[in-house]
Every structure is written in structure tokens, then in C-alpha cells.
Novice: 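Got a structure here, written out as C-alpha cells. Questions coming.
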Amino acid sequence: MNKKRLLVQVFAAILLYVVISLVLEKDYSQAIVIREILEGMVFGLLYGVFIWFREKSKKKKQ
């Protein structure tokens with residue numbers, strides 16, 4: 001998988017996570033926004049590892 005494509009998917013996942021979390025939270029204070037961004041980064045990291053592992057296992061099967 002192309003690194004650029006992987007990074008775009010991870011950043012999109014982070015952005016969606018943060019936006020959806022803030023909408024559901026209905027509180028936009030600085031502390032909440034920072035917490036949601038940090039949680040989004042953790043989610044994005046885990047999602048990126050998952051995508052990378054999935055693509056790597058697909059290549060081994062072929």
C-alpha cells in the first residue's frame with residue numbers, strides 16, 4: 001500500500017472520530033477538544049496499524 005494513501009486514510013479517520021465525538025459530546029471547551037483530539041490520534045494510530053497489517057497479510061496470501 002502506498003504510504004501517502006495510508007496517511008490520508010488515517011488522517012480522515014482521526015478527523016471523523018474527532019468531529020463525531022465532539023458532536024455527541026455537545027461540549028466544546030478547550031479541555032474536551034484536546035482530549036478528543038488525543039483520543040482521535042490514538043484511534044488513528046490503531047486504525048493505521050490495522051490497515052497496514054491487513055494489507056501485509058493480503059500480499060502474503062497472493
Side-chain angles (χ1 to χ4, degrees):
M1 173 177 263
N2 189 358
K3 287 183 182 182
K4 184 177 179 181
R5 184 175 173 198
L6 177 67
L7 287 176
V8 168
Q9 288 181 352
V10 168
F11 287 133
I14 291 170
L15 182 65
L16 284 172
Y17 181 90
V18 170
V19 169
I20 291 171
S21 295
L22 288 175
V23 168
L24 292 174
E25 190 75 33
K26 296 181 183 176
D27 185 14
Y28 306 108
S29 65
Q30 184 179 5
I32 299 294
V33 171
I34 290 173
R35 186 189 76 203
E36 294 301 333
I37 290 173
L38 291 175
E39 287 178 3
M41 291 175 71
V42 170
F43 173 75
L45 177 67
L46 293 174
Y47 182 66
V49 169
F50 170 74
I51 291 173
W52 177 78
F53 184 73
R54 185 183 66 190
E55 291 297 320
K56 194 161 183 100
S57 66
K58 281 184 182 179
K59 288 181 182 178
K60 284 184 180 180
K61 289 181 181 179
Q62 292 177 350

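Bear in mind the structure is a predicted one, so any value in this text is a computation, not a measurement. We count residues from 1, following the sequence as given.
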Novice: With sequence neighbours left out, which residue pairs that include part of residues 40-52 fulfil the salt bridge (charged side-chain N to carboxylate O under 4.0 Å, His left out) condition?
Specialist: none

Novice: What's in the same ILVMFWY side-chain cluster as Ile20, cut-off under 4.5 Å, chained through other members?
Specialist: Leu24

Novice: Apart from Val42 itself, which Ile, Leu, Val, Met, Phe, Trp or Tyr residues share its cluster (side-chain heavy atoms under 4.5 Å, direct or through members)?
Specialist: Leu46

Novice: Can you get from Val10 to Met41 by hopping between Ile, Leu, Val, Met, Phe, Trp and Tyr side chains that sit under 4.5 Å apart?
Specialist: yes

Novice: Report the residues that fulfil salt bridge (charged side-chain N to carboxylate O under 4.0 Å, His left out) with Lys56, sequence neighbours left out, ordered by chain and then residue number.
Specialist: none

Novice: When clusters are formed by joining ILVMFWY residues with side-chain heavy atoms under 4.5 Å apart, either directly or through shared neighbours, do Ile14 and Ile32 land in the same one?
Specialist: yes

Novice: Drop me the distance from Gln9's CD to Asn2's CG, to the nearest 0.5 angstrom.
Specialist: 10.5 Å

Novice: Please name the pair of heavy atoms, one in Val23 and one in Tyr28, separated by the smallest distance, quoted to 0.1 Å.
Specialist: CA-OH, 4.2 Å

Novice: Please list all pairs meeting side-chain hydrogen bond (donor to acceptor under 3.5 Å, both in side chains) that have one or both residues in residues 41-50, counting only residues at least two apart or in different chains.
Specialist: none

Novice: Could you pull out the closest heavy-atom pair between Tyr17 and Gly40, with the gap in Å?
Specialist: CD2-CA, 3.4 Å

Novice: Once you round to the nearest 0.5 Å, how far does CG of Leu22 lie from CD1 of Ile37?
Specialist: 7.5 Å

Novice: Once salt bridge (charged side-chain N to carboxylate O under 4.0 Å, His left out) is applied, what residue pairs with a partner in residues 15-37 remain, sequence neighbours excluded?
Specialist: Glu25-Arg35, Arg35-Glu39

Novice: Rounded to the nearest 0.5 Å, how far does CG of Leu6 lie from CZ of Phe11?
Specialist: 9.5 Å

